[in-house]
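Read the structure below first, then the notes.
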Amino acid sequence: MYRETLALSIHERRSNFEVRIAPPEEVSVEVASFEPHLLVRNDNDELDPRSLEDVLCWIEIIYSDHMDANISVDGRVSRVGDISMDDLFAVIDETTELISEAS
C-alpha cells in the first residue's frame with residue numbers, strides 16, 4: 001500500500017514525472033529496464049547494491065519503529081530520521097536539478 005500511496009502522491013504533485021511501482025521481488029528487473037533517475041525502495045527488498053550504481057538518486061526506507069531513510073543524491077549518502085513527504089519532494093527536486101544541469 002505504501003508503494004501505491006507514494007506513486008499517487010508523486011504523480012499528483014509532479015504530473016510530468018513518469019512513476020512506476022514494483023513489488024520487492026521484481027525491483028531488480030524494473031530498475032534494469034526502466035533505468036530510473038530516482039528510486040524509492042525498502043531496506044529488505046534484497047536488491048543487489050550493484051543495481052543502484054546507475055541510479056542517480058535513491059531513497060532506502062528502513063522499516064523499524066520509525067520511518068528512517070538512507071538517501072543517496074549523486075553518490076552522497078545521508079541518513080534522515082522519520083522521513084516526511086517534504087523530505088521526499090526535496091530529493092525529487094534535487095534530482096530534477098541534477099538532470100537539468102546534465103542536459
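The structure presented is a predicted model; accordingly, all values stated were derived computationally and were not measured. Along the sequence shown, residues carry numbers from 1.
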Taking Ser15 for the side chain and His11 for the main chain, is one N or O donor matched with an acceptor at less than 3.5 Å?
no

Find out whether Tyr63 and Asp43 are in side-chain contact, i.e. whether some heavy atom of one side chain is under 4.5 Å from a heavy atom of the other.
yes

So do Asn70 and Val80 actually touch side chain to side chain, heavy atoms under 4.5 Å?
no

Are Phe89 and Ile21 connected in the hydrophobic side-chain network, where two residues link if heavy atoms are under 4.5 Å apart?
no

Could you go through the side-chain contact (heavy atoms from CB on, under 4.5 Å) check for Ile92 and Phe17 one step at a time?
CA-CA 10 Å; Ile92 290 171; Phe17 276 33; 3.1 Å; yes

Distance-minimising heavy-atom pair for Pro23 and Arg3
CA-CZ, 3.8 Å

Taking every non-hydrogen atom, the tightest pair across Val73 and Ile71:
CG2-CG2, 3.8 Å

Given Arg14, which of Thr96, Asp93, Val19 fulfils the side chain to side chain contact (heavy atoms under 4.5 Å, CB included) condition?
Asp93

Just wondering, do Val40 and Leu6 contact through their side chains at under 4.5 Å, heavy atoms?
yes

Asp82 side-chain N/O to Met67 backbone N/O, donor-acceptor pair under 3.5 Å:
yes

For Ser28 and Val31, what are the C-alpha separation, side-chain angles and deciding distance, and is it a side-chain contact (heavy atoms from CB on, under 4.5 Å)?
CA-CA 5 Å; Ser28 293; Val31 167; 6.0 Å; no

Side chains of Asp48 and Ser51: donor-acceptor distance under 3.5 Å anywhere?
no

If we only count heavy atoms from C-beta on, is the Ser84 to Asp87 side-chain gap below 4.5 Å?
yes

What one should report as the nearest heavy-atom pair of Ala69 and Ile83 is CB-CD1, 3.9 Å

When hydrophobic residues are tied together by side-chain contacts of less than 4.5 Å, even through go-betweens, does Ile99 share a cluster with Val91?
yes

Is Leu52 reachable from Leu38 through a run of I, L, V, M, F, W or Y residues, each pair having side-chain heavy atoms under 4.5 Å apart?
no

Go through the steps to decide whether Arg41 and Ile61 satisfy the test side-chain contact (heavy atoms from CB on, under 4.5 Å), and finish with yes or no.
CA-CA 6 Å; Arg41 56 184 291 263; Ile61 306 298; over 6 Å; no

Minimum side-chain heavy-atom gap Glu53-Arg50 below 4.5 Å:
yes

Please report the C-alpha distance between Glu60 and Arg79 in whole Å, then the side-chain angles of each, then the deciding distance to 0.1 Å, and finally whether the salt bridge (Lys or Arg N to Asp or Glu O under 4.0 Å) criterion is met.
CA-CA 9 Å; Glu60 176 186 58; Arg79 180 117 178 193; over 6 Å; no

Linking I/L/V/M/F/W/Y whenever any side-chain heavy atoms sit under 4.5 Å apart, do Leu39 and Val77 land together?
yes

Find the distance between CG (Leu98) and OG (Ser103) and round it off to the nearest 0.5 Å.
10.5 Å

Can you establish whether the number of heavy atoms outside Glu46 located under 6.0 Å from its atom CD is more than 12?
no

Quick one: closest heavy-atom pair of Asn42 and Asn44, and the distance?
OD1-OD1, 2.6 Å

Could you tell me the separation between the CD atom of Glu101 and the CG atom of Asp74, rounded to the nearest 0.5 Å?
9.0 Å

Looking at CE of Met85 and OG of Ser9, how far apart are the two atoms once the value is rounded to the nearest 0.5 Å?
3.0 Å

Check: Leu56 and Thr95 side chains under 4.5 Å, non-hydrogen atoms:
yes

